[in-house]
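Heads up, the thing below is written out as C-alpha cells.
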Amino acid sequence: MLTEAVRRRAEELAAEEKLPAYVYDLAALREHVAGIRDALRDGPELFYAAKANPDPLILATLAPYVAGVEVASGGELAHVREVLPDTRTAFGGPGKTDAELEQAVAEAERIHIESPYELERLAALRREADVLLRVNLAGERRGAALAMSGPFGMDPETIEQCRGILARAPWIRLRGVHAHLASGLDADAMVRQSAEILDWARAWLQDTGCADAPEFNLGGGMAVDYGDPGNRFDWARYGREIAALARPDETLRIEPGRAISVYAGWYVTQVLDVKKAHGHCYAVLRGGTQHIRTPVTKNHDQPFTLIPQGRTGPQATNTPVTLVGQLCTPKDVFARQVPVDHIAVGDVVAFSMAGAYAWNISHYDFLMHPPPGFHYLDL
Ligand SMILES: Cc1ncc(COP(=O)(O)O)c(C=O)c1O
C-alpha cells in the first residue's frame with residue numbers, strides 16, 4: 001500500500017518536524033487516470049468533479065487525461081478557469097444564484113439545470129446557453145454509499161414544467177439530460193443505473209423535440225472501498241459496457257471525482273501520546289480530523305500505515321488501538337480499535353486514501369492548531 005516514494009517523503013518530513021502534512025503523489029495520480037482514460041477509450045467522455053479535490057496541481061496533473069471539469073459553484077468555476085484556462089467545464093449543483101447563472105453563461109460550456117425556477121431565471125437573462133436538465137429518478141439504489149434522493153435535480157413530474165419554459169426561450173439550447181443518482185456503486189450497478197437513465201432520458205428528449213445528437217451526463221459516484229483499498233472500481237468492464245449502451249449520434253459523459261483522486265493523497269502525521277483509558281488503548285496524533293474530515297463524515301476507519309521511529313516514550317504492543325487527533329471532542333477519531341503490533345510516541349502514521357473529500361471538506365481552523373503543509377511527489 002505505502003509506496004517507497006511516499007514512505008521516504010514521510011520520513012523526511014518527520015525528521016524536518018514538518019508534520020502533519022498532505023503528500024500528493026502526482027506520478028501515481030497520472031498513472032491511475034491514464035488507466036481510466038484507456039479503459040474509456042471508446043467513450044464516455046471523462047470529466048473530473050472538482051469538488052473531490054480542486055488542488056491546482058491535482059487539476060493540472062489530470063488535465064491531459066480528462067475531457068473537462070465539472071464545477072458546482074461560481075467559486076469552483078473561477079478557480080478552474082484560472083488554473084486551467086482552456087479546459088471545458090460543466091456547471092452543476094443546486095441553488096445557483098443569479099450571479100452564478102450569469103457566470104455560467106459566460107464561462108461554462110454546459111449548465112446543468114436543477115429546477116424549473118432556475119431555468120426561468122436563466123431564460124430571463126436572454127443570453128444563449130447550452131443546458132442539460134438534471135433528472136432525479138426514483139428507485140432503490142442498491143449498494144449505494146449515498147443515494148442522491150432529496151432536492152437534487154427534478155423528478156419526472158416536475159421536469160415537465162421545463163418544456164414550456166424552453167419553448168418560450170429559444171435562446172436556450174437543450175442539449176440533453178444529466179443525472180447523478182448515487183455514490184459508491186460498483187461497475188455492474190453503475191452500468192444498470194446508466195441504462196435506466198438512458199431509457200428514460202431518450203424518451204423524454206424525443207417527446208421534447210430534442211432528438212439531434214443528444215448528450216447524457218451520467219454523473220459520478222464510482223465506488224471506492226476504504227475498508228479494502230485494493231478493491232478498485234472495474235473501469236475496464238465499465239468502459240466496455242457503457243460504450244456498448246451508446247448510440248452513434250449520442251454523447252455520453254461522466255463526472256467522477258472520488259474514484260479519480262482519492263488514491264493519490266496521504267495525510268501524514270505523528271504519534272504524540274499513547275495511553276490507556278477504561279481498558280482501551282489510544283494513540284493521540286498531531287493534527288486531527290479538522291485536517292481530514294473524511295473518517296468522521298463517512299464514519300469509517302481511515303486506512304493507515306505505521307512507520308516506526310525511535311520507540312521512546314509511551315508505547316503499546318499487540319493491541320487494538322484507536323487513533324485520535326488533538327481536538328477536544330470524542331468525534332475526533334481517525335480509526336477505531338485497529339489491531340497493531342506496536343505503536344510508540346514519535347511513530348509516523350501515513351493515512352492513505354486522502355486525495356478526495358479530505359482536506360477541502362475539513363473545518364481546519366477549529367482549535368487553531370497549525371495547518372498541514374502540502375507536498376507533491378513527481379513535480
Ligand atoms: C452532480 C455530481 N456530479 C459528480 C459528483 C462526484 O461524485 P464522486 O466524487 O462520488 O464520483 C457529485 C458528488 O457529489 C455530484 O453531486
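One-based numbering, in listed order, for ligands and for the atoms of each.
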Is it true that Trp359 and Tyr267 have ring centroids separated by less than 6.0 Å?
-> no
Centroid separation His180 to Phe152 less than 6.0 Å = no
Number the atoms of ligand 1 from 1 as they appear, then name those within less than 4.0 Å of a heavy atom of Ser183, with their elements.
-> 10 (O)
Geometric cation-pi criterion Arg258 and Phe233, 6.0 Å radius, 45° cone = no
Of the side chain and backbone of Ala52, name the one, both, or neither that has a heavy atom under 4.0 Å from an atom of ligand 1.
-> neither
Would you check whether Tyr357 has a nitrogen or oxygen atom less than 3.5 angstrom from a nitrogen or oxygen atom of ligand 1?
-> yes
Subset of ligand 1 atoms that lie under 4.0 Å from at least one heavy atom of Gly221 | 7 (O), 8 (P), 10 (O), 11 (O)
Ligand 1 N/O within reach of Gly257 N/O, cut-off under 3.5 Å = yes
Would you call the rings of Tyr282 and His280 parallel, tilted or perpendicular, where under 30° means parallel and over 60° means perpendicular?
-> perpendicular
For Pro256, the ligand 1 atoms whose distance to one of its heavy atoms is below 4.0 Å = 11 (O)
Return a yes/no value for Glu255: is any of its N or O atoms, backbone included, closer than 3.5 angstrom to an N or O of ligand 1?
-> yes
Side chains of Asp55 and Tyr376: do they bring a donor and an acceptor to under 3.5 Å?
-> yes
Would you say His112 touches ligand 1, if touching means a heavy atom closer than 4.0 Å?
-> no
Within 45° of the axis and under 6.0 Å from the centre of the six-membered ring of Tyr65, does NZ or CZ of Arg30 qualify?
-> no
Any N or O of Gly220 closer than 3.5 Å to N or O of ligand 1 = no
Which of these, Met222, His180, Arg258, has its nearest heavy atom closest to atom 16 (O) of ligand 1?
-> His180
Determine whether the aromatic ring centres of Tyr364 and His291 lie less than 6.0 Å apart.
-> no
